[in-house]
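See below for the structure under consideration.
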Amino acid sequence: MSENASLPVVPATADAEPAPPARFDTLPLDPKLLRAVADSGYLTMTPIQAKAIPIVLQGCDVMGAAQTGTGKTAAFSIPLLQRMLKHENPSVSPARHPVRALVLAPTRELADQVADNVKKYAKHTQLRSVVVFGGVDMKPQTAALKAGVEVLIATPGRLLDHIEAKNCVLNQVEYVVLDEADRMLDIGFLPDLQRILSFLPKARQTLLFSATFSPEIKRLAQSYLQDPILVETARPNQTASTVEQRFISATDDDKRAIIKQILKERSIRQAIVFGNSKLGVARLARAFERDGLRTAALHGDKSQDERLKSLDAFKRGEVDLLVATDVAARGLDISNLPAVFNFDVPFNAEDYVHRIGRTGRAGASGLAVTLVTKSDARLVADIEKLIKRTIDLDVYELESERPRFERRTRDDASERSERYERADRPPRAAGPVQRAPAPPADPFFNKPYEASTRDEPPAWEKAKAASPVKGLSSYIKPKRQVAALFGAKKPAPAEG
DNA sequence: AAAAAAC
């Protein structure tokens, strides 16, 4: 609690405390906004919305922390639009309107999604919004900016391009939002962010939202805020309680087979599989495809066109698996996603919270399975510390030792990497990419979805009953027991 | 150990 001592805090609601959900129409909002909210099908507010919206309406700077999938986008966009409507100056011609609100997001897909939401809530108003991000033609963005826009949603790099090209002027911005604020404030983004903020007026309302805020970032963030109010629901860095989290002991060779077996066992129709590297993700996607699953890959080495196509195909249910890097870890709202797999344990514990937050959204249930190898002990310990929960490491029994694929030979592996080069990085020169014909689809994964009819306990429950597995953390903290569990050669580094 | 974000 000491890290919040200097901030006025709206107290977190205890999980057990039953508060009647407040309706949007009890808020002092313009009928045009209320109509748009009603059009979206929303009646009552989520806890973060109920707490943050009145405070944003008052004009305060806000640091908002709430679990994944609880409607943070609406929590800032609805009150900002309201404030903009209230202070409209109708005497100025629309083309001369300055940008009044700026929303920054860490990935292009997220910026796009936030822009869709802003458009949805602003649709009955005169307020115009536009999204700008890299990897696509600048010209349409430039034209939209020049035509005049009140709300600008952007990723940092492309926004700086537009600023330098004098396509937009930000010296009259009244409202700034950093979505996934802790990411925007980390080392990789901070220089661009500071540059952008240097173009904005000092007197403005600034809003930071994320599901994760480390104490360090909280402190850093305060230097960008004026008299901020901290709005938290439940505990920060918390995973949604509707997500069943499983950690399974695995070897690199077994990981794919384990994922496929769990998908079948639980009749899971769709899942995101996260990997840590772009190359690893590209290869893994092709491997799943060869196994007969309809698979799309999403990572930063793909063209923006391919990225959007992969995500769309997944959202439309045309593919079973989305294999992705952390480009897909944050913010993306994929409705009713039943499961997330961590093929690799993420390097940052925060990213674990965000990755598994793609499932179990808006109160739905979800499954998050993390495959843990002996070299991941340290990372798992970091996750346990962050989410303040101990995690049991389950042993999972595969139906057969190497069910679907042979141990690969050196030739096989090099042939495969060649294919990766051809398929995932099309040559710059013109000419269609030759792809191997898709293997016949696995009939299991292509049948229409039906709710789980499982009455057998899953294999990990059986394995657990057979040989009780202890909490992983109890093995990690004392050094010599790490060696006992994993046969590690070097002791884990001492706790800080 | 990586990823993301501009050309």
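The structure displayed is predicted, hence computed values, not measured ones.
Heavy atoms of Gly188(A) sit under 4.0 angstrom from at least one base atom. Residue-level contact check: Ile196(A) touches neither bases nor backbone, having no heavy atom under 4.0 Å from any strand.
Sorted by first then second residue, the salt bridge (charged side-chain N to carboxylate O under 4.0 Å, His left out) pairs that include residues 104-117 of chain A, not counting sequence neighbours, are Glu109(A)-Arg307(A). Residue pairs satisfying the ring-ring contact (aromatic ring centres under 6.0 Å, His included) criterion with at least one member in residues 177-209 of chain A, sequence neighbours excluded, are listed as follows: Phe76(A)-Phe209(A).
Contact annotation: Arg378(A) side-chain N/O to dA1(B) OP1/OP2 distance is not under 4.0 Å. Between Thr107(A) and the phosphate of dA3(B), there is no side-chain N or O to OP1/OP2 separation shorter than 4.0 Å. Between Thr325(A) and the phosphate of dA4(B), there is a side-chain N or O to OP1/OP2 separation shorter than 4.0 Å. Distances shorter than 4.0 Å separate none of the side-chain N or O atoms of Arg183(A) from OP1 or OP2 on dA4(B).
The separation between Asn348(A) atom CG and dA4(B) atom P is 13 Å, rounded to whole Å. Atom P of nucleotide dA5(B) and atom NZ of Lys278(A) are separated by 9 Å, given to the nearest angstrom. Residue Arg307(A) contributes atom CZ, which lies 8 Å from atom C1' of dA4(B) at whole-angstrom precision. What separates NZ of Lys302(A) from P of dA5(B) is a distance of 14 Å, to the nearest Å. In this structure, Met138(A) places its CE atom 14 Å from C1' of dA5(B), rounding to the nearest Å. Counting to the nearest Å, the C1' atom of dA6(B) and the CG atom of Asp161(A) are 5 Å from each other. Between Asn342(A) atom CG and dA1(B) atom P the separation is 21 Å, expressed in whole Å. Atom CG of Asp182(A) and atom C1' of dA4(B) are 13 Å apart (whole Å).
Residues Arg183(A) and Asp351(A) are paired through a salt bridge, judged by an N-O separation under 4.0 Å between the basic side chain and the carboxylate.
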Side chain to side chain donor-acceptor pair (under 3.5 Å) between Thr73(A) and Asn117(A), intermediate numbers included: CA-CA 7 Å; Thr73(A) 310; Asn117(A) 276 282; 4.9 Å; no
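With dA1(B), dA6(B), dA5(B) as the choices, the nucleotide that has an atom nearest any side-chain atom of Phe133(A) turns out to be dA6(B).
Counting only heavy atoms from C-beta outward, the side chains of Ser77(A) and Lys120(A) never approach each other to under 4.5 Å.
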